[in-house]
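Everything below concerns the one structure shown next.
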Amino acid sequence: DEVLHIVPETFQQVQHLQLLCSTFMLDLWKPLLPEDIRAGEDLHIRVPAPLVQEVKDSLDQHMISYRVLIPDVQKLVDQSMPRERSSHRQVSGGYVYTEYHPMEEIYQWMTQIQKNSELVTQHTLGKTFEGRTMYYLQISQPSNKTKKIIWMDCGIHAREWISPAFCQWFVKEILQNYNTDPKISRFLQNLDLYVLPVLNIDGYIYSWEKDRLWRKSRSPYENGTCYGTDLNRNFNSSWGSVGVSFNCSSDVFCGSGPESEPETKAVAQFIKSKKSDILCYLTIHSYGQLILTPYGSTTKPPSNNEELMQVAKEAAAALTGKYGTSYRVGSTASILYSNSGSSRDWAHTIGIPLSYTFELRDTGTHGFVLPPDQIQPTCEETM
Amino acid sequence: RAMELPPGHFPAARAAAAALGYLRYLRGGPGRGLRLRELRRARRQDIDDVGHKYYLELELEDVLDKDSTVSCTAEVLYHLGSKSSAPDVQVTVQGELRSTEQADQEFYNWIRSLEKELVAENIPDSHGNVPPELEPIHLLAWVASGYVIWQNSTENTKLHLAQVKHVKQVKRSDEDLQFDFVVLLHEMVSQEVLPWQVTLLWHPQHGARVSQSRAAGAGS
């Protein structure tokens, strides 16, 4: 089908066009009614494919000039239909894991998940600057022995939406499969998982409501003329030494001092209190497709570098094995840039041996605005 | 005299981002968007009184033709001491890129047939979606931002297009199409998001050129 654009020049042309419309029962897009066709005014008509030639011949015969506005109506219709996402949709207990969710929904999700599972309990970590409660989920198989802990936090940087999406996916996967997947059930016999789905809640909400590319927290500085600390420069690991700014308007503003931000303090306090039991600290970011090891503030390798690298390389290989996505492994200082005050470096310096930053998909093509059809493959390969 | 560099480390990666910007400007269009699949090899040569020259072997992919890859070599020369001059980039693409003649002509005809000038915002949107009919505009934004990225790259920056904030078509009396973009560039080292205004002229036979570009006023 084609849509033609015609500007009738004379009353005779108008009459002929009106006749054409009624004879062929053509679909008038503009104006809506044949009686509103006027000389000198735009006319848009959709002509069904089998009639196109005949209509055009008739227009030519009557010296009525026309232009093809839409050469293929069906193609346009197909393109504007939302793609069938049934193959990508992952819904579990009514929650769609292949979409990005605002904070309200994530809070609700945490409450539901805890209700529906005997393995999950929700705990308070602290409050954000704007007074919102920070919750983490503890996934723990009841047992009489104390278990070692793996900690994972997501969403320290507001704009990295794939990160909280991964934390939610991770929890869902574990709960769905711990009965049937021997690897997971063995895991849970010996380890507890602590997951913080959104660390920088204020920033995350801000990226939904005001500025999609916001990174920092939302604490005010300089008399409220400037907002936000980069929480991943605010930890007490060589704080303020390199790769930071002391200017609040910078995206790598490290705050007024180490742990100056309530979010940082809440996390640090908790991890410190459990540190003798924490085996592994994971912090999830995007983008870059990297598994980063300490440190950012120096190229001098950490004491257990060999072990760190070996585990990271095996993880990267397993990840690549799923969909061929290539991840690079190495220290932040060599792979990315110099930085100080990162949560990963801090965790390692207080004694947590395996401490990693994951930078999820992609490598810059979409960057922070990763389309939702990549949520599933990203999460599956990272899992 | 040229030192081998680990391709996974940042010095080579930053040079590759500059080369990619240049490549997108040179070879991109509404029917072709190039992405870097892999940086295979990198070497660096420090040239006295001139600057640092990077030799790169890249593997590229046309996002509209994902199954085939194209190899490319690039030379990126960062001039010594000069903060305000763009790196010199030379590229050699091995083999043929898929022809976009038909898609280009269709796009050209479509835009020319529009009664009202095209205007759009937030490409992709917050969730990462691009309406299919705007994909060619999205790819032209890659061309425009490619120019800005190339022109503004240094050894201490790694620039990527984060989002197209705004695009407005401007009708012209000549044969070219004109699009005024506001693009948001993400700079990896400072983590800043930098808004740039870029005017891109494009024609199916003449290709693309940036007629003007400047850093836009403070934030979004």
Side-chain angles (χ1 to χ4, degrees), chain A residues 5 42 44 67-71 75-76 78-83 99-100 157 159 161-162 207-208 210-216 230 232-233 243 245 249-252 287-288 290 326 328-339 362-375, chain B residues 6-14 16-17 20 33-39 61 63 106 109-110 112-115 122-135 138 142 149 156-165 184-195 218-220:
Chain A
H5 173 226
D42 285 343
H44 297 169
R67 191 160 59 90
V68 178
L69 191 61
I70 300 176
K75 191 155 138 199
L76 215 56
D78 290 343
Q79 282 174 352
S80 62
M81 285 303 204
R83 281 203 326 267
E99 277 171 15
Y100 295 112
H157 289 140
R159 57 195 179 199
W161 286 14
I162 186 64
S207 75
W208 271 77
K210 293 275 169 20
D211 181 354
R212 175 61 177 86
L213 297 175
W214 188 256
R215 168 180 167 90
K216 304 183 290 179
D230 182 345
N232 206 34
R233 300 286 186 276
S245 169
S249 43
S250 162
D251 261 320
V252 291
Y287 56 94
L290 310 166
S326 63
R328 281 177 289 129
V329 172
S331 75
T332 298
S334 54
I335 300 244
L336 263 191
Y337 42 51
S338 300
N339 73 353
D362 58 17
T363 52
T365 306
H366 295 93
F368 300 118
V369 276
L370 194 68
D373 63 8
Q374 288 207 38
I375 295 178
Chain B
H9 288 196
F10 67 76
R14 291 175 191 176
L20 183 67
L34 295 172
R35 112 166 225 269
L36 180 64
R37 238 205 216 179
E38 199 175 324
L39 174 58
E61 179 188 284
V63 297
E106 274 174 22
N109 293 342
W110 174 54
R112 295 275 283 195
S113 75
L114 293 176
E115 285 164 9
N122 294 334
I123 305 171
D125 67 16
S126 284
H127 292 245
N129 297 313
V130 179
E133 68 273 13
L134 288 182
E135 190 58 31
H138 186 209
W142 284 21
I149 289 171
N156 299 314
T157 64
K158 188 161 183 282
L159 290 160
H160 291 281
L161 173 63
Q163 195 182 31
V164 182
K165 194 73 200 147
L184 301 177
L185 301 182
H186 171 231
E187 202 290 287
M188 188 67 81
V189 183
S190 63
Q191 288 296 327
E192 298 295 330
V193 172
L194 309 163
S220 15

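We name chains A, B, ... by the order of the sequence lines, and we start the count at 1 in each one.
For the pair Tyr337(A)/Lys158(B), no side-chain contact is recorded, criterion being any heavy-atom separation below 4.5 Å from C-beta on. Residues Lys216(A) and Gln191(B) are not in side-chain contact: their nearest non-hydrogen atoms beyond the backbone lie 4.5 Å or more apart. At least one side-chain heavy atom of Pro372(A) sits less than 4.5 Å from a side-chain heavy atom of Asn129(B). Counting only heavy atoms from C-beta outward, the side chains of His5(A) and Glu115(B) approach each other to under 4.5 Å. Annotation: side chain of Met188(B) is in contact with side chain of Leu336(A) (closest heavy-atom distance under 4.5 Å).
Counting heavy-atom pairs closer than 4.5 Å to chain A, the top residue among Arg37(B), Glu106(B), Arg14(B) is Arg14(B). For the set Thr365(A), Ile335(A), Asp42(A), Asn339(A), the entry with the most heavy-atom pairs within less than 4.5 Å of chain B is Ile335(A). Annotation: maximal heavy-atom pairing with chain B below 4.5 Å, among His157(A), Gln374(A), Arg159(A), occurs at Arg159(A).
Heavy atoms closer than 4.5 Å to chain A are found in the side chain of Trp142(B), but not in its backbone. If you measure heavy-atom distances from Ser126(B) to chain A, the contacts under 4.5 Å come from both the backbone and the side chain. Contacts between Leu161(B) and chain A at a heavy-atom distance below 4.5 Å involve the backbone alone (N, CA, C, O). Within the 4.5 angstrom heavy-atom criterion, only side-chain atoms of Phe368(A), from C-beta onward, approach chain B. Only the side chain of Trp208(A) comes within less than 4.5 Å of a heavy atom in chain B; its backbone stays farther off. With a threshold of 4.5 angstrom between heavy atoms, Asp230(A) does not approach chain B through any atom at all. Neither the backbone nor the side chain of Asn109(B) comes within less than 4.5 Å of any heavy atom in chain A.
Rounded to the nearest 0.5 Å, atoms OG1 (Thr332(A)) and CZ (Phe10(B)) are 11.0 Å apart. Considering NE2 of His127(B) and CD1 of Ile375(A), their distance stands at 9.5 Å, rounded to 0.5 Å.
Nearest heavy-atom pair across Leu36(B) and Thr363(A) is O-OG1, 4.4 Å. Closest approach of Ala162(B) and Leu213(A) over heavy atoms only: CB-CD1, 3.8 Å. Gly128(B) and Pro371(A) make their closest contact through O-CB, 3.4 Å (heavy atoms, listed as atom of the first residue, atom of the second, distance). Residues Pro124(B) and Val369(A) come closest through the heavy atom pair CG-CG2, 4.0 Å.
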Between Gln163(B) and Arg212(A), is the side-chain hydrogen bond (donor to acceptor under 3.5 Å, both in side chains) condition met? List the steps. CA-CA 10 Å; Gln163(B) 195 182 31; Arg212(A) 175 61 177 86; over 6 Å; no

Exercise for review: Would you please test Asp362(A) and Arg35(B) for side-chain contact (heavy atoms from CB on, under 4.5 Å) and show each step?
Suggested key: CA-CA 11 Å; Asp362(A) 58 17; Arg35(B) 112 166 225 269; over 6 Å; no

